[in-house]
Amino acid sequence: MSLVTATIKRDLVIAARNPGEWLNPLMFFLMVLALFPLAVDPDPNFLAKIAAGVVWVAALLSTLLSLDSLFKADVEDGTLEQWLASGESLYAMALGKAFTHWCISGLPLTIVAPLLALMMNLPENAYSALFFSLLLGTPILSLLGAVGAALTAGVRSGGLLLSLVILPLYTPILIFGASAVYHAGIEMEYLGQLGFLASFLCMAMTLTPFAVAGALKLNLSR
Amino acid sequence: MWEALKRLYHRMGSPKWFYEISTRWLPWFAIPAGLCLIVGTVWGLAFAPADYQQGNSFRIIYIHVPAALLAQSAFAMMAMAGAVFLIWRMKMAAWVAASIAPIGASFCFLALITGAIWGKPTWGTWWVWDARLTSMLLLLFLYFGVMALQQAMDTEDNSAKAGAILSLVGLVNIPIIKYSVDWWNTLHQPATLTLTEKPAMATEMLIPLLIMIAGFYLLFATLVFLRTRNKILWHERKKSWVNKLIQTPAGRS
Amino acid sequence: MYFDNFADFLAMGKHGFYVWLCYGITAVVIVVNIIAPMLQRKKLIEQQARLQRREKNNAS
Amino acid sequence: MTPSASLEQSNRFTHFCDLIAHNVSCERDDRILFENLSLTVQKGDLIQLVGPNGAGKTTLLRLMAGLNQDFQGEVHWHGENIQRCYQDYARQRLYIGHLSAIKKVLTPLENLRWFVSSWPEVKEADLWQALADVTLAGYEDVPCQQLSAGQQRRVALARLLVTPTPLWILDEPFTALDKEGVAWLEDQLARHVAAGGTVLITSHHALSDIPALRYIELGMHK
């Protein structure tokens with residue numbers, strides 16, 4: 001077993017033993033969703049109209065919440081150093097870490113979101129669009145987020161900086177993801193948006209690991 | 001040819017050489033910049049005809065468009081300088097990138113604020129989620145992110161590298177962001193009066209605009225020179241040429 | 001000149017406030033951008049000169 | 001501890017190649033750590049880097065290990081720049097930094113399993129044996145957070161027993177070890193060089209007599 005797969009397995013085991021790691025963002029997701037009817041308007045028709053956007057914004061924020069710790073522990077305890085020492089490619093490592101992050105943040109969110117969308121009175125025909133847009137979109141959030149997490153891993157109060165760095169880069173995914181759901185809700189074609197998300201995903205999978213690998217090396221030079 | 005390029009590259013990497021050459025070049029950028037800005041402003045404000053639809057508020061274009069153009073290309077330049085630093089570890093490039101960031105951000109801010117002010121007489125409100133303004137706003141956030149990273153790490157080298165990586169990621173993302181915002185905008189807003197989009201601009205309106213654009217770019221070069229020179233002085237402060245420079249009164253001006 | 005008189009020029013056909021506000025803000029931003037590095041440079045040089053003097057005094 | 005095992009292994013590292021630093025210079029934040037330093041590490045060497053804090057011991061160690069590329073000069077292994085044959089090089093040397101890369105929620109066994117995942121030839125039974133050798137028998141399934149700092153250090157050092165690498169690069173390995181631990185580690189170092197292995201180490205601890213021991217002293221440059 002190579003170090004990359006070993007690390008993925010190890011991180012998943014750690015997440016299994018620290019359920020808070022993946023449960024807290026999920027709770028956060030739920031709570032943000034609950035805030036909108038309270039703050040804006042609980043009228044079902046109104047909620048149905050904003051559901052697509054709200055679910056996506058909440059998903060994005062809760063992903064952000066779990067990103068901060070993605071590399072921090074590994075930088076602090078020397079794990080990162082061992083990756084580099086192993087001679088294994090950091091590119092593969094970056095992909096592996098993004099994958100683990102998606103497994104504990106994006107994947108549970110994608111599964112739970114359609115259930116929670118019920119509470120937001122999402123139109124029935126939008127459910128498959130919601131599921132598939134999140135399935136394609138959340139991995140991009142993890143990949144792009146990994147860049148920000150790697151850049152800010154060595155910074156003391158990196159969390160705030162992380163959101164500043166990453167949120168502008170998230171906007172295209174938000175736009176296409178939310179619009180796929182919205183269009184599905186008003187019975188319009190939404191395959192185009194999913195196509196865009198899929199192509200963004202391919203791009204992110206090939207390009208972001210370079211940036212992550214470069215950024216991780218910064219945390220090593222001491 | 002190749003040798004000459006290589007020599008030029010190595011000289012560019014030398015802070016002392018850059019400092020000396022920029023001392024000589026500075027007036028050649030600053031004076032034309034001032035001239036262009038004055039001529040362009042006077043022409044644009046007083047002599048260009050008013051727009052048949054927007055009236056005189058249209059004269060804001062002479063700031064808004066050059067600032068927006070510059071803000072975008074400054075980001076690209078910053079990313080290029082960052083790439084040069086990452087690949088060849090040329091410190092000069094890092095200093096140039098760090099100098100560009102606040103200047104680019106302030107032009108981005110200018111583009112935003114003039115857009116908002118222009119929006120009031122045009123749309124009747126200060127802010128509309130217009131595609132151009134929205135992507136400018138996101139660009140400003142990107143600038144802030146890069147600037148924050150450029151100061152965040154514990155060593156200067158690492159901060160510069162982090163800023164460079166983010167600016168490169170941003171450079172790849174800017175077209176995507178721009179495209180998605182445009183797409184989103186056409187989706188949500190029926191085509192209304194946009195700020196600057198015009199099928200064809202009359203020549204007497206266009207010429208001052210071109211002059212202003214030239215002026216802004218020259219001004220930008222001047223400002224980058226000024227800031228980079230300070231960074232050189234600071235980093236080379238222990239070198240003898242800086243010490244000599246400080247002792248001569250000419251060096252102080 | 002596009003305008004008939006100076007008052008018209010200032011008024012900009014009811015849009016004077018917006019136009020002049022834009023140009024004013026721009027002028028401020030540009031001036032700040034020019035002045036800031038110049039002041040910084042002055043400070044830098046003074047600081048360095050003081051340091052040099054101190055070192056010279058210490059040496060002698 | 002099994003004295004017979006490593007004596008049999010005498011000269012097991014027949015393929016060791018010289019590790020040579022050619023005129024390496026390094027500066028950090030405008031301060032020169034070392035200049036034009038050349039160092040040849042041969043089969044059977046035990047080299048201890050000594051010098052005051054901040055003299056650049058760790059930096060030199062890291063650049064010999066290939067973890068740090070921010071320096072002038074070249075480090076060769078097998079007559080080739082280590083960055084060019086990094087994957088091969090990484091398989092031949094073991095690097096243990098002063099950060100031990102131990103994940104606290106995992107057990108010693110799980111941690112050790114992760115460490116050796118780059119060496120597929122290592123067997124599971126070896127890991128149990130190694131943990132027993134570092135006197136952690138019975139602790140195999142206890143999460144590391146319940147172990148003392150010294151015990152955690154032993155988990156990291158247990159790798160010395162299982163990874164089949166001729167070159168060890170160790171950064172302050174004696175930290176947090178008790179008397180027996182120190183004696184054990186010294187014994188391991190002696191055995192390793194006797195078996196034809198090589199050790200490069202930084203430590204403030206004075207190593208007891210090992211015939212192969214050489215010192216490299218790093219001073220403070222102004």
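Considering only heavy-atom pairs separated by less than 4.5 Å from chain A, the leading option among D/Q69, D/K103, D/Q87 is D/K103. Ranked by heavy-atom pairs under 4.5 Å with chain D, the list A/V4, A/T79, A/V13 is led by A/T79.
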Please assess A/D77 against D/I102 for the test side chain to side chain contact (heavy atoms under 4.5 Å, CB included), listing each intermediate value before the final yes or no.
CA-CA 7 Å; A/D77 68 12; D/I102 299 286; over 6 Å; no

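No more than 12 heavy atoms of other residues, nucleotides or ligands lie within 6.0 Å of CZ in D/R84, so this atom counts as exposed by the packing criterion.
Partner of D/I47 under the side chain to side chain contact (heavy atoms under 4.5 Å, CB included) criterion, chosen from D/V199, D/T202, D/V41: D/V41. A side chain to side chain contact (heavy atoms under 4.5 Å, CB included) with D/V162 is found for one member of D/L131, D/L127, D/D133 and no other, namely D/L127.
If you measure heavy-atom distances from D/I96 to chain A, the contacts under 4.5 Å come from the backbone alone. With a threshold of 4.5 angstrom between heavy atoms, D/R93 approaches chain A through side-chain atoms but not through N, CA, C or O. Residue contact with chain D, scored on non-hydrogen atoms closer than 4.5 Å, involves the backbone and the side chain of A/D74 alike. Neither the backbone nor the side chain of D/D88 has a heavy atom closer than 4.5 Å to any heavy atom of chain A.
Under the 30°/60° scheme for interplanar angles, the aromatic rings of A/F176 and A/F196 are found to lie parallel.
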